[in-house]
Amino acid sequence: MATQLPDHFKCPISLEIMSDPVILSSGHTFDRASIQRWLDAGHRTCPITKLPLPEHPSLIPNHALRSLISNYAHISPLKHHPSPQPETLISTLLSRSSSLDSKVESLRQLTRLAQRDSVFRRRLTESGVVSAVLNCVDSDDPCLQEKALSLLLNLSLDDDNKVGLVAEGVIGRVVAVLLGGSPDCRAVAATMLTSLAVVEVNRVTIGRYPYVIGALVSLLIDGKGREKKEAATALYAICSFPDNRRRAVECGAVPILLRTADSGLERAVEVLGILAKCKEGREQMEMYPGCIKILVRVLKNGSSRGVQYALLAVNSLCCYSEDMSLEAIKEGVLGICMGFLEDDNEKIRRNSSSLIQVLGGNHAMS
């Protein structure tokens, strides 16, 4: 099956299909295990561009690509039978007289072709078909809408297309789907925002666009499992741009994220970790009853990534609030952090050490 998967599903280092794709600050995607080995070996340059990296490089999960790999892996090998030429499929979408079923089938086949071939994706965007696909997103038919969103998501895999899609007006369509689409369409729409937000200029544009962040917060409130997860993932990507953190807080994200984290969705903890970096985010967290207890439960029972971001949030809170420090000490955070000093994850070790110093200082003062 691996040999049939598109080349961009493979890690540039291992040349194997990626199981946990992450984005380096250079903008290139690698499998987490491979790039972590590269960094652990002391390298501080991008393996592809050879440009220098920060001393502690961030590895941002490429959830959009991971979702595509997962979905693609479940597709059975295609039988060898004649398929319509791409030009015919494009013409079907552009024609006003095409039936609903023919448009759905054209979108399905174009998506299959786009999944495999970056050259074809570029050719597709240059064909002028994007506006017709956006019109399909406007459809009241959920099947047509979902197929159109899936094609746009595949087109957005290429950085050159991400800015172009935003310029074509994709964000407005995505917001409309988030606010009124079917559950599956809303999940794909949120994933689309995650993919577009890989490019920094898009994070700025998305954050400023009316209702985007508010729609994602609403999806956290009333969405089902997959919708909530994709909404939290999109918020994480968008809020990596500092100005968007304040916007998320103003949309009421903090209490919703804390409730979502308390119900077991770790992705919400990742968003809380970066919202705690801004003053407004910390103030909202301090006002929420049991905030520290929720984060401590993640420290005790969460995955390595959940623990990493729970530590980040607690660290930020305790650095600026003696009350939060005292509550963290009461909940046994010092002991938990001591246990993390031997953890395999370098960020967990570093954040634990930092939090021990913060709590130790505040404990001594009290």
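Keep in mind that the numbers below use all heavy atoms, side chains included, and drop hydrogens, waters and symmetry copies. Since this is a predicted model, take the numbers as computed values, not measurements.
- Side chains of Ser102 and Ser99: a donor on one and an acceptor on the other come within 3.5 Å.
- Other residues, nucleotides and ligands contribute over 12 non-hydrogen atoms within 6.0 Å of the NZ atom of Lys162.
- Counted by atom type alone, Ser240 and Arg203 present one or more donor-acceptor pairs between their side chains at under 3.5 Å.
- Under the 3.5 Å distance criterion, with hydrogens and angles disregarded, a donor-acceptor pair is assigned to the side chains of Asn62 and Thr29.
- With a 6.0 Å radius and a threshold of 12 heavy atoms from other residues, nucleotides or ligands, Tyr211 has its OH atom at or below the threshold.
- Ion pairing between a basic and an acidic side chain is recognised when a charged N comes within 4.0 Å of a carboxylate O; Arg122 and Asp160 show no such pairing.
- No single ILVMFWY cluster, assembled from side-chain heavy atoms under 4.5 Å apart, contains both Leu295 and Tyr320.
- Surrounding CD of Glu342 are at most 12 heavy atoms belonging to other residues, nucleotides or ligands under 6.0 Å away.
- Using a 4.0 Å cut-off between charged side-chain N and carboxylate O, Arg305 and Glu270 make a salt bridge.
- No side-chain N or O of Glu168 forms a donor-acceptor pair with one of Ser131 less than 3.5 Å apart.
- By the 4.0 Å N-to-carboxylate-O rule, Lys279 lies close enough to Glu283 to be salt-bridged with it.
- Both the sub-6.0 Å distance and the 45° axial angle are not jointly satisfied by Arg246 relative to the ring of Phe241.
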